[in-house]
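Notes follow once the structure below has been shown.
Chain A is the first sequence line, chain B the second, and so forth, proteins listed ahead of strands; every chain is numbered from 1.
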There are 2 protein chains.
Amino acid sequence: MTTRELLPVIDVTACCSPLTRDTISADHADDLARSLKALADPARLRLISIVAASDGAEACVCDLTEPLGLSQPTVSHHLKVLVDSGYLEREKRGTWAYFRLVPGSLDSVAHLLVTV
Amino acid sequence: MTTRELLPVIDVTACCSPLTRDTISADHADDLARSLKALADPARLRLISIVAASDGAEACVCDLTEPLGLSQPTVSHHLKVLVDSGYLEREKRGTWAYFRLVPGSLDSVAHLLVTV
DNA sequence: TGGTGACATCGACCACTGTCAATGCAACAT
DNA sequence: ATGTTGCATTGACAGTGGTCGATGTCACCA
């Protein structure tokens, strides 16, 4: 066979497989990593869960400090991270600050995940 | 109305809304946070993307070092994190180590996310 | 006006993480 | 046997992140 001499050449480059579709861009990877990093903390996941399960789908800090077993400054810090990342929204009513889930925020990051 | 005297009591506790459904457990939050933390890195997201886009849906380290612009030990470290977290599987064939996506791993964590 | 309660911010500490150079190891070629 | 190549591991370093006490700020009440 005349193709016999070509095969070794192909074998040498066998470790490097070509790409069959586009990959995620570096900027897109940075953004998605930032969004995921905001969720990748047990305290913040529990905060989201408690807010979502609360009556009226909203809760204030006083509702959240005790079940988490963390100090008030720490809970405030986590809530700020979640608000800055777009997962929660904050509304101040009188003395209390109420937090609500931003609709669709979890679904959108979950959808981005499966298309990586 | 005889219920008039009860209302102020209700108002005093107005900041504390009751829960309408179960919240995520602390252990479950820990597990999910660990899974998300493994994904919450730009380099690891790009690794997953490149592996998924590679011919045969697998790639070796030599395919991954150059496009990421990171050193070989760093890429190996990230790949180990992804394997330990169940997103990639590693198969050694001769000199090369091939990495493949674990089917359904991304979908399952995405599904867990929207049910928090 | 002074006091109190709810929340945010600051400063500091400690643990963790991403990164790389150096090294180790195993498979292959010569 | 010796060298080479692909990859993993180690050790060290700098940067980041979670936590809390102390403090600041604002709304409300007496």
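Distance B:Glu91 CD to D:dC7 C1': 15 Å, rounded to the nearest Å. Going from atom CG of B:Leu79 over to atom P of D:dG6 covers 16 Å, rounded to whole Å. Across the protein-nucleic acid pair, B:Leu68 atom CG and C:dG18 atom P stand 13 Å apart, rounded to whole Å. Taking atom OH on B:Tyr98 and atom P on C:dA27, their separation rounds to 16 Å, with Å as the unit. Whole-Å rounding puts the A:Lys80 NZ to D:dT25 P distance at 17 Å. Here the P atom of nucleotide C:dC16 and the CG atom of B:Leu36 are 19 Å apart, to the nearest Å. Spacing between atom NE2 of B:His78 and atom C1' of D:dT9 amounts to 15 Å, rounded to whole angstrom units. The CZ atom of B:Arg46 sits 15 Å away from the C1' atom of C:dG18 (whole-angstrom rounding).
The residue A:Arg90 sits close only to the backbone: its heavy atoms come under 4.0 Å of sugar-phosphate atoms, none of a base.
In this structure, B:Phe99 and A:Ala40 both approach DNA chain D, and ranking their closest nucleotides by distance from the 5' end singles out B:Phe99. Between B:Lys92 and A:Thr95, it is B:Lys92 whose nearest contact on DNA chain D lies nearer the 5' terminus. Nearer to the 5' terminus of DNA chain C, by closest-nucleotide assignment, is the contact made by A:Thr74 (compared with the other of A:Thr74 and A:Lys37).
Taking every side-chain heavy atom of B:Ala43 into account, C:dT19 is the closest of D:dC7, D:dG18, C:dT19. For A:Asp41, the side-chain atoms get nearest to D:dG18 when compared with the rest of C:dG18, D:dC7, D:dG18. Of the candidate nucleotides C:dT19, C:dA6, D:dC7, C:dA6 has the atom lying nearest to any side-chain atom of A:Trp96.
Using a 4.0 Å cut-off, no side-chain N or O of A:Arg93 falls inside it from OP1 or OP2 of D:dA27. Distances shown here put a side-chain N or O of B:Ser71 below 4.0 Å from the OP1 or OP2 atom of C:dC20. Contact annotation: A:His77 does not reach the phosphate of C:dA8 (side-chain N/O to OP1 or OP2, under 4.0 Å).
For the atom pair CG of B:Leu45 and CG of B:Leu82, the computed distance is 8.5 Å after rounding to the nearest 0.5 Å.
Cluster annotation: B:Val116 is not connected to A:Val81 through the hydrophobic network of ILVMFWY side chains, with a link wherever side-chain heavy atoms come within less than 4.5 Å.
In terms of polar N and O atoms assigned as donor or acceptor, the side chain of A:Gln72 never comes within less than 3.5 Å of the base of C:dA6 in a complementary pairing.
A 4.5 Å side-chain heavy-atom check between B:Asp31 and B:Leu112 finds every atom pair outside the cut-off. Inter-residue side-chain proximity for B:Ser54 and B:Asp63 is flagged as unmet; no heavy-atom pair is nearer than 4.5 Å.
At most 12 non-hydrogen atoms from other residues, nucleotides or ligands lie less than 6.0 angstrom from CD of B:Glu66.
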